[in-house]
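In what follows, a structure is listed as structure tokens, so that the remarks can point back to it.
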Amino acid sequence: MVSPNRFAALSLTSLLLTLLLCAATEASSSSSNSTKIGQGYRLVSIEETSDGGLIGILQLKQKTKIYGPDIPLLRFYVKHETENRLRVHITDAQKQRWEVPYNLLPREQPPPLSQSIGKFRKNPITVSEYSGSEFLFSYTSDPFSFAVKRKSNGETLFDSSSGDSDPFSSIVFKDQYLEISTKLPKDASLYGLGENTQPHGIKLYPSDPYTLYTTDISAINLNADLYGSHPVYMDLRNAGGKASAHAVLLLNSNGMDVFYTGTSLTYKIIGGVFDFYFFSGPSPLNVVDQYTTLIGRPAPMPYWAFGFHQCRWGYHNLSVVEDVVENYKKAQIPLDVIWNDDDHMDGKKDFTLNPVNYPRPKLLNFLDKIHSIGMKYVVIIDPGIAVNTSYGVYQRGIANDVFIKYDGEPFLAQVWPGAVNFPDFLNPKTVSWWVDEIRRFHELVPVDGLWIDMNEASNFCSGKCKIPKGKCPTGTGPGWICCLDCKNITKTRWDDPPYKINASGIKVPIGFKTIATSAYHYNGVLEYDAHSLYGFSQSVATHKGLQGLQGKRPFILSRSTYVGSGKYAAHWTGDNQGTWENLKYSISTMLNFGIFGVPMVGSDICGFYPQPTEELCNRWIEVGAFYPFSRDHANYYSPRQELYQWQSVAESARNALGIRYKILPFLYTLNYEAHVSGAPIARPLFFSFPTYTECYGLSTQFLLGSSLMISPVLEQGKTQVKALFPPGSWYSLLDWTNTITSKDGVYVTLDAPLHVVNVHLYQNAILPMQQGGMVSKEARMTPFTLIVTFPSGAAQGEAKGNLYLDDDERPEMSLGDGYSTYVDLHATVNQGAVKVWSEVQEGKFALDKGWIIESISVLGLQGSGAVSSLEIDGKPLIGVSNVNVSTSAHEHLNSDGEGEQKTVMVALKGLNIPVGKNFAMTWKMG
């Protein structure tokens, strides 16, 4: 039975109307707008399901020929899956359609179709609204449309109805063309829908094209479909100073164009189903928490992954790599991880070593040396397996029948080694074979992580190819010129669909330079449908392979991503260029991936393509030192750009990475927060200041966590930066006595000479820091400093922070097994009485490691700075210990000097407080 609080019944009149409409036949009428397709569907039946959802049947009103025949009957299913998540699923009522596989992205399954047809009049219900905790779902019967409202304030979040004056159609559902739209208020700020390089910043920009289809075109292409597909957007609204955010995911892996006009959003998709998930927020952090609850929490990263990484395509032999490591050491620039692009491979073949340039005994020797100091080694693996009968990986692949097929044979493509076949990661046998190849390779070379590239999938050729008689590749000229003998494939509707998405930004055929879309995977799944899942499915298989090795925490970097990739892999933003524009774009892409649930993200520092200037590389390391994933990487054809190549860049690197290596415990704690709640590591300012509309489009500054703000120089020749400071007090991390305070938010022009990046800590925070080092393993064992920030001069205030410590090599990132410690840090000030204390869970691990807090600095205190009655755990400290107490006056950078309250910082040094034990420290201010 229908419970009265869940459904609002229709009036008798509307019930009769509904019944009449179900029986009525629609007279054909022309649309008022020529771009509209058809007249949508009408609802002919609706009933409640046993799991508390709704199922309805929709009947086509008018056939149209454009983009192929319509599907006559649709089944829609609606369910409040959790308090804050609503699902709306619409598919063919009579025939199973392609969906993102439930074993690849685990989630609830809708009721089987057999339950819908034939019995749908059995328990008819007459409702127009279906209410959950946070959402109200409502619909109109004819033409069918639905709306989703926020229950607390009645605000419409999604509305698929199409009125006469609207430029978009009602629902269109054909085999190879699906269309649906929603109206949006003008003042909604939208974020997401990637992956693309957005020249206008993080906010979606009306009339920019948003095409989602995983493609290997360089990230220097603006507003084009790049390596990943993330059909999700966050919508932030502000009504009279009250902000609320929600998100909408359309879980569909087919190619799509999304058109945003500023007042509406239209999806045009070339297959699959409508599978919408709505997340109620209302804060941006709540939204990402709810989103990652569905798609999978971000992967735990090992501690060393937060160190600095150096890579280059073109480290021709091992001695070059050894020199790079040595030169970083000489320049006193921190380095944790050295990488190889395909230079280490034998003939660019996966899972091999070049016996001449990377002889195994010498490589193992080198790895022993770097491993002994805590450094790590990561190499690249591409999905294309070289067609070569004397190559064991290929032989075993053929024997296990692991490759994607075309016309009954493994589909032939060309990548770096020449002719290749592509493993089909949707096939369980392929996953087992891949896991085994990783194991074999790890026995050959004990790598610490894998970098999976070219997995969109990228192909240097298009169509159906054969291996030519001559040598391919020729060995001269660039390796990406197609030398196979290929014919275009246009014979099927999968290769040449009726609707052309804006692929590569120029409407290229969807099989262009990738796997032919009429090729097929395990169980007959078409590449046409599964294309954008390729990199995701490879990440899942690679994760499984690495997890099986020595019980260590996997580290995977993937270029291609999909919804859920963050559970397995980190991401870098692909082939960028050493230009000021690309430096700026990198911030928006990084922030978007935090929203996508892939928080471990960064761009190639100094740019992948030639060639950054010295000044640009200075400024880029000042941004890149604060990417969650921080790596310098360059192209084969670029001049060398390691950070020690210029003395000035080395100095900027020592400064910026010096800060990074001091805040590693903070970054690692953010990784733990990401893993348990989805919270991005790098965030747009609106995450912490959702009511402050000035920061909604801000794409030139960002936060790490909720309170550490980076305000870099992003323009040539500038030695100052105009930075936005949201309301409250901010303290410079370069000089803790410098503060900026405002009631309503303020722009401040900061000095930023070439070697300086401005980093500020917000009030009410406690930042745990260590003393840095040349490698994270060493930095990790240094004493801790706590920086406590109160609102400047506040008579009363409180601050909070936390610290997660563990054995970062074990697979899980959790509490309760004796290999981790979690510390909540608190501080209060009340009329001059200051208290700083900790609450420790699972303290044994931290005690065994011997970690101590050596100093505590408290910023923003009122008064002259005289400290009295200093106690720890109730025992006096002054005069009975080596504790040194100092006070310094704050300088207010944005002050006009009139009536400015004097505030001070109190620093306590020489403490010896065990991190793994609760402590409480108190004193009084004079």
Side-chain angles (χ1 to χ4, degrees), residues 214-216 227 313 341-354 379-427 429-431 433-434 436-438 440-441 450-475 477-487 489 511-522 527 530-531 534-535 537-538 541-542 558-560:
T214 61
T215 306
D216 174 14
Y227 314 103
W313 178 27
D341 205 313
D342 63 12
D343 303 290
H344 68 286
M345 295 180 184
D346 183 14
K348 305 190 185 301
K349 298 192 295 291
D350 280 349
F351 305 118
T352 62
L353 265 189
N354 183 313
V379 300
I380 198 167
I381 298 284
D382 290 337
I385 299 297
V387 175
N388 180 330
T389 50
S390 61
Y391 168 40
V393 180
Y394 173 74
Q395 292 167 346
R396 292 184 289 273
I398 288 292
N400 286 288
D401 194 20
V402 303
F403 298 116
I404 291 170
K405 299 281 187 22
Y406 186 86
D407 279 349
E409 297 290 321
F411 175 76
L412 193 71
Q414 183 191 329
V415 200
W416 300 114
V420 298
N421 295 151
F422 286 115
D424 172 13
F425 294 105
L426 298 182
N427 183 343
K429 266 168 70 177
T430 307
V431 175
W433 161 82
W434 188 254
D436 184 56
E437 294 303 338
I438 288 172
R440 288 166 182 268
F441 180 59
L450 288 175
W451 168 21
I452 53 176
D453 189 13
M454 307 291 284
N455 51 354
E456 293 73 28
S458 176
N459 180 0
F460 300 156
C461 302
S462 303
K464 183 172 168 59
C465 303
K466 290 190 300 212
I467 297 175
K469 290 208 168 85
K471 194 178 170 196
C472 170
T474 57
W480 56 82
I481 305 298
C482 178
C483 54
L484 298 178
D485 181 5
C486 303
K487 289 192 179 84
I489 309 173
F512 180 70
K513 296 212 163 175
T514 185
I515 298 165
T517 39
S518 52
Y520 53 91
H521 295 250
Y522 180 66
E527 168 67 10
H531 171 85
Y534 193 74
S537 62
Q538 189 194 9
T542 307
S558 178
R559 190 168 72 179
S560 186

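All values below come from the heavy atoms of this structure, side chains included, with hydrogens, waters and symmetry mates left out.
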*asked:* So, using ring pair (Phe, Tyr, Trp, His ring centres under 6.0 Å) as the criterion, who are the partners of H521 when residues are at least two apart?
replied: none

*Set of side-chain contact (heavy atoms from CB on, under 4.5 Å) partners for K466, sequence neighbours left out*: D485

*Output all residues satisfying side chain to side chain donor-acceptor pair (under 3.5 Å) with S390, sequence neighbours left out; order by chain, then residue number.*
N388

_A side-chain contact here means heavy atoms from C-beta on lying under 4.5 Å apart; do Y391 and D350 qualify?_
yes

*Just jot down the side-chain contact (heavy atoms from CB on, under 4.5 Å) partners of K513, sequence neighbours excluded, or say none.*
S462

*Could I get the full list of side chain to side chain donor-acceptor pair (under 3.5 Å) partners for D342, not counting sequence neighbours?*
W313

_Residue list, side-chain contact (heavy atoms from CB on, under 4.5 Å) with V402, at least two apart or on another chain_ = N400, T430, W433

*Please report the shortest heavy-atom distance between Y520 and G408, naming the atom on each side.*
OH-N, 3.1 Å

*Considering residues at least two apart in sequence or located in another chain, which fulfil the side-chain contact (heavy atoms from CB on, under 4.5 Å) criterion with R440?*
R396, D436, E437

*side chain to side chain donor-acceptor pair (under 3.5 Å) involving D216 - partner list, sequence neighbours excluded*: S458, R559

*asked:* Between M454 and W416, does the side-chain contact (heavy atoms from CB on, under 4.5 Å) criterion hold? Intermediate values first, please.
replied: CA-CA 10 Å; M454 307 291 284; W416 300 114; 3.6 Å; yes

*Under the ring pair (Phe, Tyr, Trp, His ring centres under 6.0 Å) rule, collect the residues that match up with F411, sequence neighbours excluded.*
none

*Partners of T542 by side chain to side chain donor-acceptor pair (under 3.5 Å), sequence neighbours excluded?*
W434

